[in-house]
Amino acid sequence: MTREIAKAYEPQKIEPRWADYWVKEELFRADPSAPGPAFCIVIPPPNVTGSLHIGHMLDHTEIDILTRWRRMSGYNTLYLPGTDHAGISTQRVVVRQLADQGIDYRKLGREEFEKRVWKWKEESGGTIIRQMKQIGESCDWSRERFTLSPELSRVVRDVFVRLYEEGLIYRAHYLVNWCPNCMTALSDLETLHEERQGHLWYIRYPILGSNEHIVVATTRPETMLGDTAILVHPADERYAGLVGKKAILPLVGREIPIIADDVVDREFGTGAVKVTPAHDPNDFEAGRRHDLPEIDVMTDDGRMGAAAGGYAGMDRFEARKRVLEDLKKQGLLENITNHVHAVGICERCKTVVEPRASTQWFCRMKPLAEPAIAAVENGEIQIIPANWREVYFHWMRNIRDWCISRQLWWGHRIPAWHCADCGKITVAREAPAKCAHCGSAKIEQDPDVLDTWFSSALWPFSTLGWPAETADFKRYYPTSVLITAHEILFFWVARMIMMGIHFTGKIPFHDVSIHPLVRNAEGQKMSKSKGTGIDPIDVNQRYGTDAMRFTLAAMAAPGGDLIWTEDRIVSARNFANKIWNAARFLFVNFEKVAAGGASLDELATPEMRAGAPYGANGDLALADAWLFSRLSAASKGVNEALEEYRFQQAAQSVYHFFWDDFCDWYIEWIKPDLAGPDGTRAKTAWKNLFAVFETALRLLHPFMPFLTEELWHQLPQRAGARSIAFERFPAAKAEWGNAEAEEQFAYLQDVVTALRDMRAGLKLDPKKKVAAQFSSEGKAWRDLVQRNLPTLLRLAVLSELSIGSERLPTAGGLVRSVLAKFEVRIALSEGLDIAAEARKLRKEIERLEKDIAAKRQRLDDDTFRTKAPESIVKGLEATLAERVLEREKLMTRFSQLEQGG
RNA sequence: GGGCGACUAGCUCAGUUGGUUAGAGCGCUCCCCUCACACGGGAGAGGUCAAAGGUUCAAGUCCUUUGUCGCCCACCA
């Protein structure tokens, strides 16, 4: 029987086939009525207009690894996909696109514009979902959700109304961050802060009815046009005589009061502050306290407005220049100093944000935050790694009300209607016919939409059908874990916890696992728009998605950032190639199995599926016992690591098992057995080889789904087997653990390595067989070597290996020893570089000497002996003895070498 | 102004609860196209774990200070 397997590993040929298969067969469709504990992850919904970037790739790789692992471990899994309508981002994209066609979106009107965005969404919105399918994510595609779909919009309205009725949503006039480019209010989180070198301008304000003046300092002189007061500290003697008087606002001529207020910092500037309630948060508060008028001197797009008099129509920064020039002309600009201060920047478009008083909708956060803080405090929700807990607490404990209204057209329109007659607001789930207060039909819906993150906050339960008690909601909520980057801890994670607890009475997820941010070699965040990123799809094309997934998993250690370098994916691709070739080794030899009388059907038995070693009841050769012990340890390692979201550790575990243990040692060790004349042994060897390989595929599957699916289907399978994704994930098997076999095999590995090292030192032809000697004082060790003699001869390319217990002489050859365990010798000296050997010995002796001294010192210390656990003391004593013996051997060898041996 | 994180081999990074010669990948040196694999095999070199102090029988691991870099939060005009 021959197996059809291509000689070369070409992921490009394999991956699309399985990606299609998984989607078409709907293999990962969740069934809430199926058995097993629930495991559910809802995707952090990517922007519908976006495409997959490296950050998604990492996020989705982790999610899919967990999902596939849990599915294989008997869980009832749901990985729910979906996208976010991404208000500002999407609107910006379409506005720009229309502008490119010479169309002003405002002239289209709201309705038409919304149509255009929906059209754009239908045309381009599928990209990221298509890419997710392409990279093999095991989602239930039948449950795909979109934040702006009619179903989810209904949930949003419902939540809004409830919060409004509970008094947690209110409409108020307040100072907000205004982006003059996006022309909308922003939340505090959407406003970034950037340290900039600016200036502090000192301006004289004349005092009414006198020749005096008062000097104020400001970083934004153009706002003076909206000044309505000056504040000084009540205890400031410099200004004591001026409090209660009025100043004349330059350029404007308005009379403004000078007021005492202890918020003023006497040390800063001149100790006198100009107050612009409409354009500064502090001033806004001061304005409220002192009942000052608010004068908004700007327009929505960041120009000076009617209230700015002669400056009306100018851009705000142009106006700044002109104001300063005019002040200078009038001799009122007293001083200019350099001043570094933080400037608010729009998260989306990087425009300098204008603080501005405006009427907006807000969500009261304190009452929502309290139970959300408690849920993390009491451990109901675990944040991993734990250092993010503190970050979360800090933000949550200082949380401020959330400005949720946006002056955009793309999003969930606020379900509030203003009455033209009574001026009151009607908030309702469905459009009302008339005002709830006066019955007037002259009502109009509020033009604003909700912050995108408002609907995202509901995602874990809105996607599962809440508020209906659906089967999905009952089965999969709370979800298991949220996998995300720390960037959106506040934007999204914190808000989901608050909303989840508030509306469902339950936490939205048990764990929050924060993964690193992917950066490039220069340490910058990978970003396509900045040209600092890579296109993961393109990289997948070149190396394979499996290699990409494995690379990311292997690099994703909790904590810091992850720097993307291409050499890591090269090594992961090489690993995939190694697996492919190990498979080929099996497949091309299946013929021999058949010829030897073993049947492939027999190999596909359920016992083999479970990875049970053939002849497990004591009939295991050393290498088999060792391999199964290693396999069990690797399985344990992978399971435990994934349990704690240590992807890096899990990947490493499976990598080393497969490459080092399985390929480099086991396969090489048993090769003759496979082809050997002894039918029973050959059959056993094949069965074990098959079982371990098949188990390894299952162990690898969550990391490299395509490759493992491909190879698994090439193995003999039960009829009707659909996918390795439904096979059992390998668990640690205590009965396979075999410390004795591990110790013995490691010993033999050391012997082989020492012999090979000598061959290299003697520059022997790799094929040239030589005679060697082995010596150990332990009879058990000599017996072990004796039992494994043929293998040792083959692996070290020896003609013979004598076994003894006497010290081996250096003269006339080369000797190696591994600690006090054994000595090996090759009796040749032609190729020997005596000087190099002497250097090596001296170095090793020096190292041992240091080590011995350190250990002696510790053992001579009585406090150590009394305080340290006995096992540590005993262990130290034993190693010290070994080191001393080894040093002595090396010294003897060294002196023999010096004597011209 | 607060807070957090990083600093370990030439490079990119691991190192769970402190415990006996600190690991990986890439790169480097030497040997090999040996019948699964040169995207490979074999052997090896390379680190006083940023610095200083401290706690401890014992510190890469805990504490303090310093330095360098990065990030987050913050309404000093």
Side-chain angles (χ1 to χ4, degrees), chain A residues 7-9 175 188 193 200 216-220 223 231 263-265 267-270 272-276 280-285 339 341-342 344 355 387-388 390-391 394-395 398 486-487 489-490 517 519 521 523 543 551 554-555 557 559-568 570-589 640-641 644 646 648-649 652 655-656 663-664 667-668 753 756-761 763-767 797 819 840 847-848 850-851 855 858 861-869 871-873 875-880 883:
Chain A
K7 216 171 153 118
Y9 166 60
L175 200 110
D188 295 333
H193 292 274
L200 204 50
V216 297
T218 180
T219 54
R220 289 153 66 216
T223 63
L231 297 187
V263 296
V264 178
D265 176 358
E267 307 300 316
F268 190 88
T270 61
V273 192
K274 63 188 264 320
V275 181
T276 325
D280 181 275
N282 282 325
D283 295 5
F284 182 82
E285 296 297 336
H339 182 63
H341 62 133
N387 55 296
W388 291 107
E390 288 308 317
V391 180
H394 182 258
W395 189 73
N398 295 289
H486 65 75
E487 284 179 299
L489 186 61
F490 307 140
L517 223 55
R519 299 181 182 280
Y543 296 100
T551 304
M555 292 176 84
D561 294 337
L562 183 164
I563 296 194
W564 175 264
T565 53
E566 190 123 340
D567 59 352
R568 291 296 293 259
V570 170
S571 106
R573 190 270 323 267
N574 294 352
F575 180 46
N577 188 248
K578 187 75 185 178
I579 298 166
W580 186 264
N581 279 294
R584 280 189 62 223
F585 175 71
L586 257 84
F587 297 160
V588 300
N589 283 297
E640 285 178 355
E644 293 169 28
R646 299 173 169 277
Q648 190 260 348
Q649 211 172 306
Q652 204 158 40
Y655 181 94
H656 284 118
C663 292
D664 286 350
I667 292 183
E668 295 308 323
T753 303
R756 285 168 171 173
D757 181 25
M758 283 191 293
R759 297 185 61 98
K763 305 219 177 344
L764 290 178
D765 183 308
K767 281 172 224 146
V797 197
L819 292 177
K840 197 170 173 173
R847 210 170 64 148
L848 279 168
K850 257 203 221 158
D851 190 54
K855 286 193 164 54
R858 298 202 49 200
D861 186 349
D862 280 342
T863 32
F864 170 70
R865 287 181 170 281
T866 50
K867 287 198 168 184
S871 62
I872 297 290
V873 180
L876 198 62
E877 277 170 347
T879 34
L880 176 63
R883 302 284 147 82

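Chain letters run A, B, ... following the sequence lines, proteins first, then strands; residues in each count from 1. What you are looking at is a predicted structure, and each value in this text was computed from that prediction instead of being measured.
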Does the pair A/Leu200 and A/Thr218 meet the rule for a side chain to side chain contact (heavy atoms under 4.5 Å, CB included), with working shown?
CA-CA 5 Å; A/Leu200 204 50; A/Thr218 180; 5.7 Å; no

Could you walk me through whether A/Phe864 and A/Ile872 satisfy the side chain to side chain contact (heavy atoms under 4.5 Å, CB included) test, starting with their C-alpha distance in whole Å, then the side-chain angles of each, then the deciding distance to 0.1 Å, before giving a yes or no?
CA-CA 10 Å; A/Phe864 170 70; A/Ile872 297 290; 4.1 Å; yes

Steps toward side chain to side chain contact (heavy atoms under 4.5 Å, CB included) verdict (A/Val263, A/Glu285)
CA-CA 10 Å; A/Val263 296; A/Glu285 296 297 336; over 6 Å; no

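Rounding to whole angstrom units, CD1 of residue A/Ile563 and P of B/C13 are separated by 4 Å. When rounded to the nearest whole Å, the span between CD of A/Glu668 and C1' of B/C35 equals 12 Å. Atom OH of A/Tyr9 and atom C1' of B/G40 are 16 Å apart (whole Å). Between the CG atom of A/Leu562 and the P atom of B/G25 there is a distance of 18 Å, rounded to whole Å. B/C11 atom C1' lies 8 Å from atom CG of A/Asp567, rounded to whole Å. When the C1' atom of B/C37 is taken as reference, atom NZ of A/Lys7 falls 10 Å away, rounded to whole Å. Taking atom CD1 of A/Ile872 as the reference point, atom C1' of B/U17 lies 14 Å away to the nearest angstrom. Between the C1' atom of B/C39 and the CG atom of A/Asn577 lies a distance of 5 Å, rounded to the nearest Å.
Nucleic acid contact class of A/Arg759 (heavy atoms, under 4.0 Å, all strands): none. Within 4.0 Å of A/Arg756, counting heavy atoms only, lie sugar-phosphate atoms of the nucleic acid but no base atom. Among the atoms of the strands shown, only primed sugar atoms or phosphate atoms (P, OP1, OP2) are found under 4.0 Å from some heavy atom of A/Asp664. Nucleic acid contact for A/Pro355: none, since no nucleic acid atom lies under 4.0 Å from a heavy atom of the residue. Base engagement by A/Arg847 is indicated by at least one non-hydrogen atom pair under 4.0 Å involving a base atom.
Residues passing the side chain to side chain donor-acceptor pair (under 3.5 Å) test with A/Asn282: none are found, sequence neighbours excluded. With sequence neighbours left out, the side-chain contact (heavy atoms from CB on, under 4.5 Å) criterion links A/Asp188 to A/Asn177, A/Arg400. Taking A/Ser871 as the reference, nothing meets the side chain to side chain donor-acceptor pair (under 3.5 Å) condition, with sequence neighbours excluded. Qualifying salt bridge (charged side-chain N to carboxylate O under 4.0 Å, His left out) partners for A/Glu390, counting only residues two or more places apart in sequence or in other chains: none.
Ring-plane geometry between A/Trp580 and A/Tyr9 is classed as tilted, the angle between the planes lying from 30 to 60 degrees on a 0 to 90 degree scale. Between A/Phe490 and A/Trp395, the ring-plane angle classifies as parallel under the 30° and 60° cut-offs.
B/A22: no Watson-Crick or G-U partner with both key distances under 3.5 Å is found in any strand. Of all nucleotides present, only B/G70 satisfies the Watson-Crick or G-U wobble test against B/C4, with each distance under 3.5 Å. A 3.5 Å limit on both hydrogen-bonding distances identifies no Watson-Crick or G-U partner for B/C76. Pair check for B/U29 finds B/A43; Watson-Crick or G-U wobble, both atom distances under 3.5 Å. In this entry B/A9 has no Watson-Crick or G-U wobble partner, no candidate having both defining distances under 3.5 Å. Base pairing of B/C62 is made with B/G54, judged by Watson-Crick or G-U wobble geometry with both donor-acceptor distances under 3.5 Å.
Both A/Asp757 and A/Asp861 sit near RNA chain B, but only A/Asp757 has its closest nucleotide nearer the 5' end. For the pair A/Cys663 and A/Thr753, nearest-nucleotide mapping onto RNA chain B gives the more 5' position to A/Cys663.
Between the side chain of A/Asn581 and the backbone N or O of A/Asn577 there is at least one donor-acceptor pair closer than 3.5 Å. A distance-only check finds no donor-acceptor pair linking the side chain of A/Asp757 to the backbone of A/Thr753 [under 3.5 Å]. The closest donor-acceptor contact from the side chain of A/Arg759 to the backbone of A/Val797 lies under 3.5 Å.
Between A/Asn581 and B/G40, a side-chain N or O to OP1/OP2 separation shorter than 4.0 Å is absent. Close to B/U48, at under 4.0 Å from its OP1 or OP2, lies no side-chain N or O of A/Lys850.
Each of B/U20, B/C57, B/G25 was ranked by its minimum atom distance to the side chain of A/Tyr655; first place goes to B/G25.
Spacing of C1' atoms, B/G3 relative to B/A74, comes out at 10 Å, to the nearest Å. Atom name P, nucleotides B/G18 and B/A58: the rounded distance is 15 Å, in whole Å. With both ends at atom P, the span from B/G47 to B/A22 equals 12 Å, rounded to whole Å. On the P atoms, B/G19 is 11 Å away from B/A59, given to the nearest whole Å. One C1' atom belongs to B/A50, the other to B/G70, and the distance between them is 15 Å to the nearest Å. Rounded to the nearest Å, the gap between the P atom of B/A24 and that of B/A38 is 24 Å. The same atom, C1', is picked in B/A45 and in B/G10; the two are 12 Å apart, to the nearest Å. For B/U12 and B/U17, the C1' atoms lie 28 Å apart once the distance is rounded to whole Å.
Applying the 6.0 Å contact sphere to NE2 of A/His339 captures more than 12 heavy atoms from other residues, nucleotides or ligands.
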Between the protein and nucleotides 27-34 of chain B, are there any N/O to N/O pairs under 3.5 Å, and if so, what are the atom names and distances?
none

Strictly under 3.5 Å: I want the nitrogen or oxygen pairs between protein and nucleotides 71-77 of chain B, one per line.
residue, atom, partner, partner atom, Å
B/C75, OP1, A/Arg400, NH1, 3.1
B/C75, OP1, A/Arg400, NH2, 2.6
B/C75, O2', A/Asn282, ND2, 3.1
B/C75, O2, A/Asn282, OD1, 2.0
B/C75, O2, A/Asn282, ND2, 3.3
B/C76, O2, A/Asp265, OD2, 3.0
B/A77, OP2, A/His339, NE2, 3.3
B/A77, O2', A/Ala217, O, 3.4
B/A77, N6, A/Asp265, O, 2.5
B/A77, N6, A/Phe268, O, 3.2
B/A77, N1, A/Asp265, N, 3.2

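For A/Gln649 and B/A24, a side-chain-to-base donor-acceptor distance below 3.5 Å is absent, hydrogens and geometry of angles not being considered. A donor-acceptor contact under 3.5 Å is formed by the side chain of A/Thr879 with the base of B/U20. A donor-acceptor contact under 3.5 Å is not formed by the side chain of A/Arg568 with the base of B/C26.
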